[in-house]
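To keep things clear, I will list the structure first and then write my remarks on it.
Computed from heavy atoms alone, side chains included, the values below leave out hydrogens, waters and symmetry copies.
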Amino acid sequence: MPMVLVVHGGAWAIPDELAPASVDGVKAAARHGSSVLKSEGSALDGVEAAVRALEDNTVFNAGHGATLNIDGEVELDAIIMDGRTLASGAVSCVKNIANPVSLARAVMEKTSHVMLAGNGANQFAESIGVNTVPTDKLVTEYEKKEWEKHNKYIAGVMEAFNTKWAHDTVGAVAVDSAGNVACATSTGGIRNKMVGRVGDSPCIGCGGYADNSSGAVSCTGHGESILKVTLARLILSHVEQGRSVADASQLSLQHMGERVQGAGGAIVVSPSGQWAATFTTERMAWAAAEDDVLWFGLNPKEKLKEKLSQ
């Protein structure tokens with residue numbers, strides 16, 4: 001079976017000064033996740049490794065590099081899902097956790113629940129020995145300045161995604177040598193969000209979905225819009241009706257734009273290794289590891305490539 005791993009670093013109006021670091025970051029994460037697959041790791045292992053790499057990179061809004069809510073706090077969301085069994089784990093509004101995607105996987109594997117939120121998620125993290133990190137370690141100086149500049153939520157999230165100061169979710173999808181698919185999505189939310197706000201990222205069928213019968217999806221963009229149309233599941237429903245992953249993504253994002261005026265992006269992989277990276281925002285940093293080729297892009301219709309092994 002062909003092994004494929006695709007990552008995204010968020011769909012938004014990525015400014016020129018962040019563009020090179022965003023592209024370098026998704027390429028590094030795709031390489032890392034792909035190396036896990038090639039070392040006989042599962043699709044689940046691959047997406048977790050790739051998203052951890054993105055969470056550890058301060059250029060992205062997940063883990064390190066997270067945005068601050070209206071009270072100046074970090075609240076993180078993440079999901080991971082196994083397409084073989086439909087097992088899923090998610091966390092929402094967790095604080096002081098550097099890699100929420102791994103905490104989401106622990107929820108999936110060590111509890112009988114799918115999602116833990118807020119204090120409960122942090123108590124669970126403590127009970128299994130997950131180290132916490134101070135908020136200051138997760139927030140960049142750039143973010144602190146931006147938060148102070150925009151510390152009123154007057155524009156709302158819709159306008160934010162059309163400006164240069166909102167950055168977004170990260171995610172990964174993969175198919176492994178056994179034909180199993182998996183997805184993972186992680187985010188720091190949106191700057192100056194209300195305390196306790198939950199977007200699409202940790203919600204099954206919205207921020208991500210994986211099913212061996214159709215494929216795996218990780219979404220990014222305006223969370224409230226993605227929630228309203230259950231974007232990840234919508235994309236896979238089009239795949240189930242015979243559409244290619246690229247057409248399914250485009251149709252679903254177009255529907256979201258027309259129905260609720262929301263923009264975003266998605267990465268998709270099928271069990272046969274067909275993949276797509278699609279977005280309706282100004283830019284989306286993405287990369288895909290396929291065979292010994294690393295595909296990547298940032299701007300609409302851009303599809304560059306280099307050798308994966310370099």
Side-chain angles (χ1 to χ4, degrees), residues 1-10 25-56 60 62 78-90 99-102 104-105 108-109 169-186 201 204 207-220 232-233 235-236 239 244-246 248-249 265-278 284-297 305 308-309:
M1 291 292 295
M3 292 184 290
V4 179
L5 184 134
V6 191
V7 303
H8 70 74
V26 292
K27 286 163 64 176
R31 281 198 167 92
H32 183 54
S34 177
S35 71
V36 170
L37 294 183
K38 289 182 176 178
S39 302
E40 300 186 7
S42 66
L44 207 60
D45 296 332
V47 297
E48 181 188 10
V51 169
R52 280 181 66 98
L54 293 163
E55 288 173 339
D56 290 342
F60 302 112
I79 191 171
I80 193 165
M81 188 166 184
D82 182 353
R84 184 176 65 85
T85 61
L86 301 190
S88 182
N99 295 111
V101 70
S102 293
R105 184 167 181 176
M108 179 178 78
E109 295 179 340
T169 309
V170 303
V173 295
V175 57
D176 61 27
S177 58
N180 296 315
V181 299
C183 73
T185 307
S186 181
S201 296
I204 288 185
Y209 199 81
D211 186 343
N212 276 8
S213 68
S214 50
V217 183
S218 173
C219 297
T220 168
R233 194 66 193 85
I235 290 169
L236 290 181
V239 172
S244 69
V245 293
S249 303
I267 50 173
V268 193
V269 68
S270 74
S272 65
Q274 186 186 52
W275 62 272
T278 312
M284 181 176 81
W286 64 270
E290 178 186 30
D291 298 323
D292 197 34
V293 178
L294 182 69
W295 302 92
F296 58 96
K305 70 175 181 176
L308 183 60
S309 56

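Contact record, S272 with P2: O-CG, 3.2 Å, taken as the closest heavy-atom pair. Residue I235 comes nearest to A248 through the heavy atom pair O-CB, 3.4 Å, listed as atom of the first residue, atom of the second, then distance. Minimum heavy-atom separation, S214 to P271: O-CD, 3.4 Å.
To the nearest 0.5 angstrom, D176 atom CG is 14.0 Å from K38 atom NZ. For the atom pair R84 CZ and L44 CG, the distance stands at 9.5 Å (nearest 0.5 Å). Considering CD1 of I80 and OG of S88, their distance stands at 8.5 Å, rounded to 0.5 Å. Atoms CG and CG, from L308 and L5 in turn, are 10.0 Å apart once rounded to the nearest 0.5 Å. Once rounded to the nearest 0.5 Å, the distance linking OG of S213 with CG of L86 reads 7.5 Å. Distance check, rounded to the nearest 0.5 Å: CG of N212 to CG of D82 gives 7.5 Å.
Side-chain N/O atoms of S218 and T185 include a donor and acceptor closer than 3.5 Å.
Tested against V269 for a side-chain contact (heavy atoms from CB on, under 4.5 Å), the candidates V175, V217, V245 yield a single pass: V175. Remark: of the listed residues T220, V173, V26, L54, T220 is the sole one forming a side-chain contact (heavy atoms from CB on, under 4.5 Å) with H8. None of S186, S102, S42 except one satisfies the side-chain contact (heavy atoms from CB on, under 4.5 Å) rule with E48; the exception is S102.
Partners of A246 according to the side-chain contact (heavy atoms from CB on, under 4.5 Å) rule, which considers only residues two or more places apart in sequence or in another chain, are S244, A276. Partners of D45 according to the salt bridge (Lys or Arg N to Asp or Glu O under 4.0 Å) rule, which considers only residues two or more places apart in sequence or in another chain, are R105. Shown here are the salt bridge (Lys or Arg N to Asp or Glu O under 4.0 Å) partners of R233, two or more places apart in sequence or in another chain: E240.
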* To do: Let me see the working for V170 and V7 under side chain to side chain contact (heavy atoms under 4.5 Å, CB included), right down to the final yes or no.
  => CA-CA 7 Å; V170 303; V7 303; over 6 Å; no

* For side chain to side chain donor-acceptor pair (under 3.5 Å), just list the numbers for D56 and N99, CA-CA rounded to whole Å, side-chain angles, deciding distance to a tenth of an Å, and then say yes or no. => CA-CA 8 Å; D56 290 342; N99 295 111; 3.2 Å; yes

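Between the side chain of S39 and the main chain of S35, a donor-acceptor pair closer than 3.5 Å is present.
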